[in-house]
Novice: 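If you scroll down you'll find the structure; I have some questions about it.
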Amino acid sequence: NCSPQVAAGTIILGSVGGGQASNLFALLAGGSVSLSVVCTLSTTILGVVATPFVVGLLLGKSIPMNGMAVLIS
C-alpha cells in the first residue's frame with residue numbers, strides 16, 4: 001500500500017527510458033559503441049511518444065508535453 005503520489009512517481013520513473021549510460025558501459029566493456037548510440041537514439045525518440053501513452057494507460061490521466069521541445073533539448 002502506497003500513496004497515489006508514490007505510485008504515480010514510480011510509474012513515471014518506470015516509463016522513462018534510461019539507456020543513456022549504456023553508451024559509457026559499452027565503451028568500457030569493449031562493446032559496439034555505435035550500436036549502443038543508435039539504440040539510445042531510437043529509444044529516446046520513441047520515448048517522446050511512448051512515455052505519455054504508457055503513463056496515460058497506467059494512471060488513467062494524460063501528461064501534456066511538448067515533444068519537439070524534448071527532442072531539441
Side-chain angles (χ1 to χ4, degrees):
N1 264 336
C2 62
S3 69
Q5 293 84 1
V6 171
T10 303
I11 289 171
I12 291 171
L13 284 175
S15 301
V16 176
Q20 292 78 8
S22 67
N23 299 331
L24 174 63
F25 294 130
L27 177 66
L28 294 176
S32 175
V33 175
S34 58
L35 176 62
S36 179
V37 169
V38 168
C39 290
T40 301
L41 176 67
S42 63
T43 58
T44 300
I45 292 171
L46 179 63
V48 172
V49 175
T51 300
F53 175 74
V54 171
V55 169
L57 182 70
L58 295 175
L59 290 179
K61 298 181 183 223
S62 66
I63 298 174
M65 62 184 278
N66 184 344
M68 187 55 73
V70 172
L71 288 174
I72 291 172
S73 70

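This one's a predicted model, so the numbers in the text were calculated from it and none came from an experiment.
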Novice: Hydrophobic side-chain clustering at under 4.5 Å (ILVMFWY, transitive links): who's grouped with L28? Put none if nobody.
Specialist: L24
Novice: Residues sharing I72's hydrophobic cluster, by side-chain heavy-atom contacts under 4.5 Å among ILVMFWY, directly or via others?
Specialist: M68
Novice: With sequence neighbours excluded, tell me which residues meet side chain to side chain donor-acceptor pair (under 3.5 Å) with S36.
Specialist: S22, N23
Novice: Output all residues satisfying side chain to side chain contact (heavy atoms under 4.5 Å, CB included) with L46, sequence neighbours left out; order by chain, then residue number.
Specialist: A50
Novice: Checking S42 now: which residues fulfil side chain to side chain contact (heavy atoms under 4.5 Å, CB included) with it, not counting sequence neighbours?
Specialist: none
Novice: Mind checking what makes side chain to side chain contact (heavy atoms under 4.5 Å, CB included) contact with L41, not counting sequence neighbours?
Specialist: I45
Novice: Kindly write out the residues that satisfy side chain to side chain contact (heavy atoms under 4.5 Å, CB included) with T44, not counting sequence neighbours, or none if the list is empty.
Specialist: Q20, T40
Novice: State, to 0.1 Å, how close G47 and P52 come at their nearest heavy-atom pair, and which atoms those are.
Specialist: O-CD, 3.9 Å
Novice: What's in the same ILVMFWY side-chain cluster as V6, cut-off under 4.5 Å, chained through other members?
Specialist: none
Novice: Mind listing the closest non-hydrogen atom pair of S15 and V54 along with its distance?
Specialist: OG-CG1, 3.3 Å
Novice: Apply the hydrophobic cluster definition, ILVMFWY joined by side-chain contacts under 4.5 Å directly or through others, and give me every member besides V33.
Specialist: L27, V37
Novice: So, taking the atom named CD1 in I11 and the one named CG in L59, what distance separates them when rounded to the nearest 0.5 Å?
Specialist: 4.0 Å
